[in-house]
Q: 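I have a structure here, written as structure tokens, and I will follow up with some questions on it.
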2 protein chains.
Amino acid sequence: MNGRCGRKAQGWRGLGCGRRMTAPREAIYQALSEMAGHPSADEVFQKVRAGRPGIGLATVYRNLELLRNGGHIRLVDAGDGKAHFELNHAAGGGGHHHHLICRRCGSVVDYMDFEREELELISKLEKHLSRKYGHQITDHDISFYGLCQKCAAQGSKR
Amino acid sequence: MNGRCGRKAQGWRGLGCGRRMTAPREAIYQALSEMAGHPSADEVFQKVRAGRPGIGLATVYRNLELLRNGGHIRLVDAGDGKAHFELNHAAGGGGHHHHLICRRCGSVVDYMDFEREELELISKLEKHLSRKYGHQITDHDISFYGLCQKCAAQGSKR
DNA sequence: AATGATAATGATAATTGTTATCAATAGGCG
DNA sequence: CGCCTATTGATAACAATTATCATTATCATT
């Protein structure tokens, strides 16, 4: 469904993030939403470029940053020096998850195995930290690092 | 105390991480251990340089990477595009903590406010994920993002 | 303690992800 | 429809990190 919004800035919560609603911006969000996993900025660029050859790389960076500030997408650190992105379903309650990251090959597995327990602890912590340190918490990242099955099997040589 | 080890590679668990034990490597670890907070690679470089003018930046990068792989130090993502480091006290049980990171100014607050509860959940999760996905988990990162008190006070303009 | 194979270093070039610049363009309120 | 200005696209600039390579230092073996 394309029509998340007709194509108007639509207040301060829409894709426009309070700015003008532009075709490139929509295309970038659209592209990311159609991609599996956690594409890097460049991968998003390639994808958008496919249906919109004139797009500029800088525009992709700018909008990913904007969408992130607007809370629509989320940044994932795969430890490979590039920024990776994914849709932020956290708010909508759609598909919030945490990560399992391989230190050797950089693969990222999403997991949702945390039950109510984990969610409860998180929101409790969030509230507590918020009060104690005066931070305005908007987001969190929980990741486990190590070796994926494949890399672990290769032995820990070199 | 300097003498974490006389100055020999000392097996595969020492600072040498299974490689040759060198003075630069020791100096780099030493420097990091004397620094507060979460210095960047360059900050570590500057500090080491003070007592060892000939040190090369590449050597610092190489050894930080090595020490990280060896589990002696830990990487912190402050979201400012640079890698930051801290001693890994996780194993030793010394001062393990999690982070509260400001998205605007990049400041990082360590907190240890999680009680037994949090630790229990983590180790439970670690075990569960390890079994389910075949990952060999060695490490985790729990960070809350948002605005620190100061930045939040400045309003969310711009 | 001297030797020698080779891992590690230091200086620097190269690479790479990201950001700044700026003229041209397009969004959307009047 | 027309204007104001945010946004774009192309590209230069930037900064952090990595690769290269001749030289030096470590340390197992003698």
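From a predicted model like this one, the values you see are computed outputs, not experimental measurements. The analysis underlying the following values was restricted to heavy atoms, covering all of them including side chains, and did not include hydrogens, waters or symmetry mates. All chains are named by letter (A, B, ...) in the order of the sequence lines, taking the proteins before the strands, and each is independently numbered beginning at 1.
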Q: Mind listing the residues from residues 40-57 of chain B sitting with a heavy atom below 4.0 Å of DNA chain C? Number order is fine.
A: B:Gly54, B:Ile55, B:Gly56
Q: Side chains of A:Tyr29 and A:Ile73: does their closest heavy-atom pair fall under 4.5 Å?
A: yes
Q: Could I get the full list of side chain to side chain contact (heavy atoms under 4.5 Å, CB included) partners for B:Lys127, not counting sequence neighbours?
A: none
Q: Which whole-number value in Å describes the distance from A:Glu26 CD to D:dT7 P?
A: 15 Å
Q: Consider the side chain of B:Arg19, meaning its heavy atoms from C-beta on, and name the nucleotide among C:dT9, D:dA10, C:dA8 that approaches it most closely.
A: C:dA8
Q: Is the phosphate of D:dT7 approached by A:Asn63 (side-chain N or O, under 4.0 Å from OP1 or OP2)?
A: no
Q: Quick one: which residue pairs count as a salt bridge (Lys or Arg N to Asp or Glu O under 4.0 Å) with a foot in residues 50-61 of chain B, not counting sequence neighbours?
A: none
Q: I need the CG-P distance between B:Asn69 and C:dA8, as an integer number of Å.
A: 13 Å
Q: Would you mind reading off the distance between B:Glu65 atom CD and C:dT9 atom P, rounded to a whole angstrom?
A: 13 Å
Q: Does A:His99 have any ring pair (Phe, Tyr, Trp, His ring centres under 6.0 Å) partners at least two apart in sequence or in another chain, and if so, which?
A: A:His38, A:His97
Q: Roughly, in whole Å, what's the span from CG in B:Asp77 to P in C:dG17?
A: 16 Å
Q: Just how far, in rounded Å, is C1' of D:dT17 from CZ of B:Phe85?
A: 10 Å
Q: Take the protein atom CG of B:Leu66 and the nucleotide atom P of C:dA8, then report the distance between them rounded to whole Å.
A: 7 Å
Q: OP1 or OP2 of D:dT17 versus the side-chain N and O atoms of B:Tyr61: is any pair under 4.0 Å?
A: yes
Q: I need the CE-P distance between B:Met21 and D:dA28, as an integer number of Å.
A: 13 Å
Q: Extract the stems that DNA chain D is part of, considering only consecutive pairing runs of at least three Watson-Crick or G-U wobble pairs, both distances under 3.5 Å.
A: C:1-30 with D:1-30
Q: So, using side chain to side chain contact (heavy atoms under 4.5 Å, CB included) as the criterion, who are the partners of A:Glu43 when residues are at least two apart?
A: A:Met35, A:Pro39, A:Ser40
Q: If the condition is side chain to side chain contact (heavy atoms under 4.5 Å, CB included), which residues does B:Tyr61 pass it with, not counting sequence neighbours?
A: B:Ala41, B:Leu57
Q: Residues two or more places apart in sequence or in another chain: which of them pass side chain to side chain donor-acceptor pair (under 3.5 Å) with A:Asp141?
A: A:Ser143
Q: Hey, can you tell me if B:Tyr111 and B:Phe144 have their rings parallel, tilted or perpendicular (30° and 60° cut-offs)?
A: tilted
Q: Considering heavy-atom distances to DNA chain D, does B:Pro24 or B:Ala83 have its closest nucleotide positioned more toward the 5' end?
A: B:Ala83
Q: Quick test of your reading: applying salt bridge (Lys or Arg N to Asp or Glu O under 4.0 Å), list the pairs with at least one residue in residues 58-72 of chain B, sequence neighbours left out, ordered by first then second residue.
A: B:Glu65-B:Arg68
Q: Which part of the nucleic acid does B:Asp80 contact within heavy-atom distance under 4.0 Å: base, sugar-phosphate only, or nothing?
A: nothing
Q: Of all the nucleotides listed (C:dG17, D:dA10, C:dT9), which has the minimum atom distance to the side chain of A:Lys82?
A: C:dG17
Q: So, using salt bridge (Lys or Arg N to Asp or Glu O under 4.0 Å) as the criterion, who are the partners of B:Lys82 when residues are at least two apart?
A: none
Q: Linking Ile, Leu, Val, Met, Phe, Trp and Tyr through side-chain heavy atoms less than 4.5 Å apart, which residues share a cluster with A:Tyr145?
A: A:Ile101, A:Val108
Q: Calculate the interatomic distance between A:Arg68 atom CZ and C:dT18 atom P; express it in whole Å.
A: 12 Å
Q: Using atom names, set out every protein N or O paired with an N or O of nucleotides 21-25 of chain D below 3.5 Å, distance rounded to 0.1 Å.
A:
none

Q: Kindly indicate whether the side chain of B:His135, heavy atoms from C-beta on, has any atom under 4.5 Å from the side chain of B:Ser130.
A: no
